[in-house]
Amino acid sequence: MRASAGRILSLLGLALLLLAANEAIHAALSLEGALISECGPEVQMAHVQYNAIMLQVSGAAVLGIIMNYQSDYVKKVAAKFNSGDLKRLFLGMVVAGGSVYNRCGKYCIRFYGKDYTMHQVFAGLSYELYRSSPSTIQITGRGSYMTQLYCKDAVIDIKELSPDTNARKGGTPTIEYILEGNRSIRQESMRVIMSVAGWVAPSLKRTAYGYSVSTRIGLGSSSPLPLNEEYKILAESLLLKFNSYSDSRYPETGYLMSYDPDTCSGFLSMGGFVDGSLVKKGRYAGMEKNSVLRASLAIGGKHFETPASAEKVMEAAVCNSNFDLSALLGRIMLG
DNA sequence: CGATCACACGCTCGGTAAAC
DNA sequence: GTTTACCGAGCGTGTGATCG
(Lines give C-alpha, C1' and ligand atoms only; values in the text may rest on other atoms or scores of the structure.)
Protein backbone atom coordinates (compact mmCIF):
# COMPACT_ATOMS: atom_id res chain seq x y z
CA MET A 1 0.00 0.00 0.00
CA ARG A 2 1.26 3.44 -0.88
CA ALA A 3 0.11 4.82 2.44
CA SER A 4 2.18 2.49 4.53
CA ALA A 5 5.46 4.41 4.48
CA GLY A 6 3.68 7.50 5.69
CA ARG A 7 1.97 5.58 8.46
CA ILE A 8 5.26 4.13 9.59
CA LEU A 9 6.73 7.61 9.75
CA SER A 10 3.76 8.77 11.80
CA LEU A 11 4.13 5.89 14.20
CA LEU A 12 7.85 6.45 14.43
CA GLY A 13 7.22 10.10 15.19
CA LEU A 14 4.66 9.22 17.82
CA ALA A 15 7.06 6.80 19.46
CA LEU A 16 9.79 9.42 19.50
CA LEU A 17 7.41 11.87 21.08
CA LEU A 18 6.52 9.44 23.81
CA LEU A 19 10.12 8.47 24.45
CA ALA A 20 11.73 11.87 24.25
CA ALA A 21 9.43 14.32 25.95
CA ASN A 22 11.98 17.06 26.31
CA GLU A 23 12.02 20.81 25.95
CA ALA A 24 13.45 20.71 22.46
CA ILE A 25 10.57 18.73 21.05
CA HIS A 26 8.05 20.98 22.73
CA ALA A 27 9.74 24.06 21.35
CA ALA A 28 9.77 22.53 17.91
CA LEU A 29 6.12 21.61 18.08
CA SER A 30 5.02 25.06 19.19
CA LEU A 31 6.94 26.59 16.35
CA GLU A 32 5.27 24.18 14.01
CA GLY A 33 1.91 25.09 15.52
CA ALA A 34 2.50 28.74 14.81
CA LEU A 35 3.40 27.87 11.26
CA ILE A 36 0.41 25.68 10.65
CA SER A 37 -1.98 28.18 12.20
CA GLU A 38 -1.20 30.44 9.25
CA CYS A 39 -2.60 27.83 6.93
CA GLY A 40 -6.17 27.36 5.83
CA PRO A 41 -8.63 25.02 7.51
CA GLU A 42 -8.04 22.26 5.01
CA VAL A 43 -4.32 22.31 5.69
CA GLN A 44 -4.88 22.41 9.42
CA MET A 45 -7.16 19.39 9.21
CA ALA A 46 -4.64 17.50 7.14
CA HIS A 47 -2.05 18.45 9.66
CA VAL A 48 -4.02 17.28 12.66
CA GLN A 49 -4.79 14.10 10.82
CA TYR A 50 -1.26 13.21 9.90
CA ASN A 51 0.72 15.08 12.52
CA ALA A 52 4.12 15.97 11.16
CA ILE A 53 6.80 15.46 13.76
CA MET A 54 9.72 17.80 14.16
CA LEU A 55 13.00 16.93 15.80
CA GLN A 56 15.71 19.17 17.00
CA VAL A 57 19.10 18.25 15.59
CA SER A 58 22.52 19.75 16.22
CA GLY A 59 22.55 23.52 16.49
CA ALA A 60 20.08 25.78 18.24
CA ALA A 61 18.17 27.17 15.30
CA VAL A 62 18.27 24.30 12.86
CA LEU A 63 15.34 21.98 12.80
CA GLY A 64 15.16 18.79 10.89
CA ILE A 65 11.68 17.69 10.02
CA ILE A 66 10.40 14.22 9.49
CA MET A 67 7.46 14.92 7.28
CA ASN A 68 4.57 12.78 6.53
CA TYR A 69 4.28 13.03 2.80
CA GLN A 70 0.55 12.65 2.52
CA SER A 71 -0.49 16.13 1.65
CA ASP A 72 -4.17 16.22 0.76
CA TYR A 73 -3.26 17.94 -2.45
CA VAL A 74 -0.92 15.14 -3.53
CA LYS A 75 -3.52 12.54 -2.62
CA LYS A 76 -5.98 14.32 -4.84
CA VAL A 77 -3.70 14.65 -7.88
CA ALA A 78 -2.27 11.14 -7.44
CA ALA A 79 -5.78 9.75 -7.70
CA LYS A 80 -6.54 11.79 -10.77
CA PHE A 81 -3.38 11.70 -12.86
CA ASN A 82 -1.04 9.00 -14.15
CA SER A 83 2.65 9.05 -13.37
CA GLY A 84 3.52 10.81 -16.64
CA ASP A 85 1.28 13.69 -15.63
CA LEU A 86 2.56 13.70 -12.05
CA LYS A 87 6.01 14.06 -13.57
CA ARG A 88 4.74 17.21 -15.26
CA LEU A 89 3.81 18.67 -11.88
CA PHE A 90 7.16 17.60 -10.46
CA LEU A 91 9.01 19.21 -13.38
CA GLY A 92 7.02 22.41 -12.86
CA MET A 93 8.04 22.58 -9.23
CA VAL A 94 11.72 21.98 -9.96
CA VAL A 95 11.85 24.51 -12.80
CA ALA A 96 9.92 27.16 -10.88
CA GLY A 97 11.44 26.76 -7.44
CA GLY A 98 14.15 24.15 -7.34
CA SER A 99 17.59 23.24 -8.49
CA VAL A 100 19.40 20.17 -9.71
CA TYR A 101 22.81 19.31 -8.37
CA ASN A 102 24.72 16.62 -10.17
CA ARG A 103 28.42 16.71 -9.50
CA CYS A 104 30.98 14.52 -7.86
CA GLY A 105 28.69 11.53 -8.29
CA LYS A 106 25.90 13.19 -6.33
CA TYR A 107 22.35 13.27 -7.56
CA CYS A 108 20.30 15.82 -5.70
CA ILE A 109 17.15 17.75 -6.52
CA ARG A 110 16.30 20.58 -4.17
CA PHE A 111 13.22 22.58 -3.61
CA TYR A 112 13.26 25.95 -1.86
CA GLY A 113 10.63 28.18 -0.38
CA LYS A 114 8.83 29.41 2.68
CA ASP A 115 5.64 27.43 2.13
CA TYR A 116 5.57 24.36 4.32
CA THR A 117 2.68 23.09 2.25
CA MET A 118 4.58 23.27 -1.01
CA HIS A 119 7.41 21.28 0.52
CA GLN A 120 4.85 18.66 1.44
CA VAL A 121 3.64 18.66 -2.14
CA PHE A 122 7.17 18.31 -3.47
CA ALA A 123 7.92 15.51 -1.04
CA GLY A 124 4.61 13.81 -1.80
CA LEU A 125 5.26 13.87 -5.54
CA SER A 126 8.78 12.54 -4.96
CA TYR A 127 7.34 9.61 -3.09
CA GLU A 128 4.57 8.94 -5.59
CA LEU A 129 6.99 8.99 -8.52
CA TYR A 130 10.19 7.55 -7.14
CA ARG A 131 9.25 5.96 -3.83
CA SER A 132 12.01 8.07 -2.42
CA SER A 133 11.58 10.36 0.57
CA PRO A 134 13.44 13.66 0.68
CA SER A 135 14.22 15.51 3.87
CA THR A 136 13.34 19.07 4.72
CA ILE A 137 15.63 21.40 6.59
CA GLN A 138 14.68 24.75 8.00
CA ILE A 139 17.27 27.32 6.98
CA THR A 140 18.98 28.86 9.98
CA GLY A 141 17.62 32.21 11.02
CA ARG A 142 15.07 32.46 8.25
CA GLY A 143 11.54 31.29 7.89
CA SER A 144 12.27 29.19 4.87
CA TYR A 145 12.97 25.58 4.09
CA MET A 146 15.05 23.49 1.76
CA THR A 147 13.91 20.02 0.75
CA GLN A 148 16.56 17.71 -0.64
CA LEU A 149 15.84 14.65 -2.71
CA TYR A 150 18.77 12.35 -3.26
CA CYS A 151 17.57 10.16 -6.08
CA LYS A 152 19.45 9.27 -9.23
CA ASP A 153 16.32 8.31 -11.19
CA ALA A 154 14.67 11.64 -10.46
CA VAL A 155 17.74 13.60 -11.57
CA ILE A 156 17.99 11.58 -14.78
CA ASP A 157 14.28 12.15 -15.50
CA ILE A 158 14.44 15.88 -14.94
CA LYS A 159 17.62 16.23 -16.98
CA GLU A 160 15.96 14.37 -19.81
CA LEU A 161 12.85 16.57 -19.74
CA SER A 162 14.80 19.78 -19.21
CA PRO A 163 18.52 19.36 -19.90
CA ASP A 164 19.32 22.87 -18.73
CA THR A 165 17.91 23.13 -15.26
CA ASN A 166 19.68 25.87 -13.38
CA ALA A 167 18.38 29.25 -14.43
CA ARG A 168 20.72 31.00 -12.03
CA LYS A 169 23.74 29.80 -13.92
CA GLY A 170 22.49 31.11 -17.23
CA GLY A 171 20.74 27.89 -18.16
CA THR A 172 17.32 27.85 -19.76
CA PRO A 173 14.97 25.25 -18.27
CA THR A 174 12.02 24.19 -20.35
CA ILE A 175 8.47 23.17 -19.51
CA GLU A 176 7.82 21.84 -23.00
CA TYR A 177 6.78 18.53 -21.47
CA ILE A 178 4.01 20.31 -19.56
CA LEU A 179 2.82 22.08 -22.72
CA GLU A 180 2.42 18.68 -24.38
CA GLY A 181 -0.03 17.59 -21.69
CA ASN A 182 -3.82 17.73 -21.86
CA ARG A 183 -5.80 20.67 -20.57
CA SER A 184 -6.44 19.16 -17.20
CA ILE A 185 -2.77 18.63 -16.33
CA ARG A 186 -1.79 21.96 -17.86
CA GLN A 187 -4.24 23.67 -15.56
CA GLU A 188 -2.91 21.79 -12.55
CA SER A 189 0.66 22.58 -13.58
CA MET A 190 -0.22 26.25 -13.86
CA ARG A 191 -1.63 26.17 -10.33
CA VAL A 192 1.49 24.52 -8.96
CA ILE A 193 3.89 26.79 -10.84
CA MET A 194 1.97 29.86 -9.70
CA SER A 195 2.03 28.58 -6.14
CA VAL A 196 5.79 28.23 -6.30
CA ALA A 197 6.86 31.27 -8.31
CA GLY A 198 3.74 33.36 -8.72
CA TRP A 199 2.57 36.29 -6.65
CA VAL A 200 -0.37 38.54 -5.82
CA ALA A 201 0.14 42.21 -5.22
CA PRO A 202 -2.95 44.28 -4.53
CA SER A 203 -2.07 47.95 -4.87
CA LEU A 204 -3.67 51.16 -3.75
CA LYS A 205 -4.36 53.78 -6.34
CA ARG A 206 -5.36 57.40 -5.81
CA THR A 207 -8.50 58.18 -7.82
CA ALA A 208 -10.75 61.17 -8.22
CA TYR A 209 -13.08 59.66 -5.60
CA GLY A 210 -10.49 58.60 -3.07
CA TYR A 211 -8.49 55.39 -3.10
CA SER A 212 -9.17 52.12 -4.80
CA VAL A 213 -7.60 48.69 -4.79
CA SER A 214 -6.45 47.07 -7.98
CA THR A 215 -5.49 43.43 -8.25
CA ARG A 216 -2.36 42.21 -9.90
CA ILE A 217 -1.01 38.71 -10.27
CA GLY A 218 2.34 37.73 -11.70
CA LEU A 219 4.71 34.89 -12.32
CA GLY A 220 8.44 34.93 -11.77
CA SER A 221 10.65 37.97 -11.74
CA SER A 222 13.74 37.20 -13.73
CA SER A 223 12.97 34.04 -15.64
CA PRO A 224 15.08 33.33 -18.72
CA LEU A 225 13.14 34.77 -21.68
CA PRO A 226 12.47 31.42 -23.42
CA LEU A 227 11.05 29.98 -20.20
CA ASN A 228 8.99 33.11 -19.66
CA GLU A 229 7.59 32.63 -23.16
CA GLU A 230 6.66 29.04 -22.33
CA TYR A 231 4.92 30.20 -19.16
CA LYS A 232 2.93 32.61 -21.32
CA ILE A 233 1.97 29.87 -23.77
CA LEU A 234 0.86 27.70 -20.87
CA ALA A 235 -1.26 30.55 -19.46
CA GLU A 236 -2.78 31.39 -22.83
CA SER A 237 -3.73 27.78 -23.40
CA LEU A 238 -5.87 28.19 -20.27
CA LEU A 239 -7.33 31.53 -21.46
CA LEU A 240 -5.30 33.52 -18.94
CA LYS A 241 -3.98 36.77 -20.39
CA PHE A 242 -0.57 37.82 -19.12
CA ASN A 243 1.82 40.41 -20.50
CA SER A 244 5.58 39.95 -20.50
CA TYR A 245 7.76 42.47 -18.73
CA SER A 246 11.44 42.81 -18.17
CA ASP A 247 13.53 44.33 -15.44
CA SER A 248 16.03 46.64 -17.14
CA ARG A 249 18.71 45.49 -14.73
CA TYR A 250 18.43 41.94 -16.08
CA PRO A 251 17.97 42.24 -19.86
CA GLU A 252 17.83 38.55 -20.77
CA THR A 253 15.09 37.83 -18.27
CA GLY A 254 11.43 38.53 -17.93
CA TYR A 255 8.29 37.92 -15.93
CA LEU A 256 4.55 37.73 -16.47
CA MET A 257 2.01 40.05 -14.99
CA SER A 258 -1.70 40.69 -15.37
CA TYR A 259 -4.13 43.35 -14.20
CA ASP A 260 -6.96 41.83 -16.13
CA PRO A 261 -9.79 41.12 -13.66
CA ASP A 262 -11.02 38.25 -15.84
CA THR A 263 -7.60 36.63 -15.73
CA CYS A 264 -7.30 37.09 -11.96
CA SER A 265 -10.74 35.70 -11.25
CA GLY A 266 -10.37 33.07 -13.97
CA PHE A 267 -7.24 31.78 -12.31
CA LEU A 268 -9.02 31.77 -8.96
CA SER A 269 -11.99 29.87 -10.33
CA MET A 270 -9.77 27.09 -11.69
CA GLY A 271 -8.59 26.59 -8.12
CA GLY A 272 -6.12 29.43 -7.88
CA PHE A 273 -3.01 28.83 -5.85
CA VAL A 274 -2.63 25.52 -4.04
CA ASP A 275 -4.22 25.81 -0.59
CA GLY A 276 -1.60 26.75 1.95
CA SER A 277 0.53 28.63 -0.55
CA LEU A 278 1.57 31.83 1.21
CA VAL A 279 2.56 35.34 0.17
CA LYS A 280 6.33 35.53 0.63
CA LYS A 281 6.94 39.13 1.56
CA GLY A 282 5.45 42.55 1.80
CA ARG A 283 2.32 43.73 3.56
CA TYR A 284 0.48 40.43 3.22
CA ALA A 285 3.46 38.17 3.91
CA GLY A 286 2.47 34.91 5.57
CA MET A 287 -1.15 35.08 4.42
CA GLU A 288 -2.64 32.65 1.95
CA LYS A 289 -2.20 33.81 -1.62
CA ASN A 290 -5.73 32.68 -2.44
CA SER A 291 -7.24 34.68 0.43
CA VAL A 292 -5.39 37.81 -0.62
CA LEU A 293 -6.43 37.34 -4.23
CA ARG A 294 -10.06 36.70 -3.28
CA ALA A 295 -10.19 39.70 -0.95
CA SER A 296 -8.52 41.97 -3.44
CA LEU A 297 -10.98 41.01 -6.18
CA ALA A 298 -13.91 41.42 -3.78
CA ILE A 299 -13.13 45.03 -2.99
CA GLY A 300 -11.62 45.94 -6.35
CA GLY A 301 -13.30 48.95 -7.92
CA LYS A 302 -14.65 50.26 -4.60
CA HIS A 303 -13.49 53.66 -3.45
CA PHE A 304 -12.14 54.48 -0.02
CA GLU A 305 -11.62 57.81 1.69
CA THR A 306 -8.15 57.05 2.99
CA PRO A 307 -5.47 54.44 2.31
CA ALA A 308 -5.88 53.29 5.90
CA SER A 309 -9.56 52.49 5.49
CA ALA A 310 -8.87 50.52 2.32
CA GLU A 311 -6.16 48.55 4.07
CA LYS A 312 -8.42 47.88 7.03
CA VAL A 313 -11.08 46.36 4.82
CA MET A 314 -8.49 44.35 2.90
CA GLU A 315 -7.07 43.00 6.11
CA ALA A 316 -10.48 42.01 7.41
CA ALA A 317 -11.35 40.38 4.09
CA VAL A 318 -8.09 38.45 3.93
CA CYS A 319 -8.22 37.20 7.50
CA ASN A 320 -11.82 36.09 7.45
CA SER A 321 -13.37 35.04 4.20
CA ASN A 322 -16.77 34.73 5.89
CA PHE A 323 -16.95 38.23 7.28
CA ASP A 324 -19.71 40.57 6.24
CA LEU A 325 -18.01 42.56 3.52
CA SER A 326 -21.01 44.66 2.60
CA ALA A 327 -21.57 45.80 6.19
CA LEU A 328 -17.97 46.86 6.59
CA LEU A 329 -17.94 48.51 3.20
CA GLY A 330 -21.10 50.41 4.08
CA ARG A 331 -19.39 51.88 7.11
CA ILE A 332 -16.05 52.76 5.59
CA MET A 333 -16.47 53.23 1.89
CA LEU A 334 -17.34 56.45 0.20
CA GLY A 335 -18.69 55.46 -3.20
C1' DC B 1 27.85 7.40 -0.46
C1' DG B 2 23.83 9.48 1.22
C1' DA B 3 22.68 13.06 4.12
C1' DT B 4 23.30 17.38 6.75
C1' DC B 5 25.30 21.96 7.73
C1' DA B 6 26.79 26.56 6.65
C1' DC B 7 27.19 30.78 4.24
C1' DA B 8 27.98 34.52 0.88
C1' DC B 9 26.43 36.54 -3.28
C1' DG B 10 23.24 38.50 -5.98
C1' DC B 11 18.34 37.58 -7.49
C1' DT B 12 13.34 38.11 -6.54
C1' DC B 13 9.01 39.57 -5.25
C1' DG B 14 6.54 43.18 -4.44
C1' DG B 15 6.16 48.38 -3.20
C1' DT B 16 5.58 52.54 -5.45
C1' DA B 17 4.68 55.87 -8.76
C1' DA B 18 4.95 57.88 -13.31
C1' DA B 19 3.39 57.47 -17.98
C1' DC B 20 -0.09 56.13 -21.05
C1' DG C 1 -8.23 52.90 -15.28
C1' DT C 2 -4.30 50.36 -17.25
C1' DT C 3 0.44 49.62 -18.31
C1' DT C 4 5.26 50.38 -17.78
C1' DA C 5 9.34 51.44 -15.14
C1' DC C 6 12.36 51.61 -11.26
C1' DC C 7 14.29 49.97 -7.16
C1' DG C 8 15.81 47.54 -2.67
C1' DA C 9 16.44 44.37 1.16
C1' DG C 10 15.20 40.01 2.46
C1' DC C 11 15.90 35.71 1.11
C1' DG C 12 16.94 31.93 -2.65
C1' DT C 13 20.62 29.28 -4.41
C1' DG C 14 24.92 26.87 -5.37
C1' DT C 15 28.50 24.68 -3.42
C1' DG C 16 32.09 23.03 -0.29
C1' DA C 17 32.82 20.99 4.18
C1' DT C 18 31.71 17.54 7.10
C1' DC C 19 29.63 13.62 9.33
C1' DG C 20 28.00 8.84 10.14
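Chain letters run A, B, ... following the sequence lines, proteins first, then strands; residues in each count from 1. Values below: all heavy atoms of this structure, side chains included; hydrogens, waters and symmetry mates excluded.
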Of all the choices, [options], which nucleotide is nearest to the side chain of [X] once you look at every atom?
X      : options               : value
A:Y255 : B:dT12, B:dG2, C:dC6  : C:dC6
A:N243 : B:dA3, C:dT4, B:dG14  : C:dT4
A:Y245 : B:dC13, C:dG12, C:dT3 : C:dT3
A:S222 : C:dT3, B:dG15, B:dT12 : B:dT12

A:E236 atom CD, neighbour heavy-atom count above 12 within 6.0 Å: yes
Give the rounded distance in Å between these two atoms: [atom1] of [X] and [atom2] of [N].
X      : N      : atom1 : atom2 : value
A:Q148 : B:dC5  : CD    : P     : 9 Å
A:I217 : B:dT12 : CD1   : P     : 20 Å
A:L278 : C:dC11 : CG    : C1'   : 15 Å
A:M257 : C:dT3  : CE    : P     : 9 Å
A:M194 : B:dC13 : CE    : P     : 11 Å
A:Y284 : B:dC13 : OH    : P     : 19 Å

Compare side-chain N and O positions of [X] against OP1 and OP2 of [N] and report whether any pair is under 4.0 Å apart.
X      : N      : result
A:S135 : B:dT4  : yes
A:Y145 : C:dG12 : no
A:S221 : B:dC13 : yes
A:S99  : C:dG14 : yes
A:Y259 : C:dT2  : no

Heavy-atom donor-acceptor pair, A:R216 side-chain to C:dT4 base, under 3.5 Å: no
hbond_proxy A:D247 side chain to C:dC7 base (donor-acceptor, 3.5 Å cutoff): yes
A:W199 vs A:M257, side chain to side chain contact (heavy atoms under 4.5 Å, CB included): CA-CA, chis, key distance, verdict: CA-CA 9 Å; A:W199 37 274; A:M257 194 155 81; 3.5 Å; yes
Criterion side chain to side chain contact (heavy atoms under 4.5 Å, CB included) on A:C264 and A:L268, from CA distance to verdict: CA-CA 6 Å; A:C264 293; A:L268 191 56; over 6 Å; no
Sugar-phosphate, base or nothing in reach of A:K280, heavy atoms under 4.0 Å: sugar-phosphate
Sugar-phosphate only, base, or nothing, as touched by A:G218 at under 4.0 Å among non-hydrogen atoms: nothing
Separation between NZ of A:K280 and NZ of A:K289, rounded to the nearest 0.5 Å: 5.0 Å
Output field: ring centroids A:Y145/A:F122 closer than 6.0 Å: no
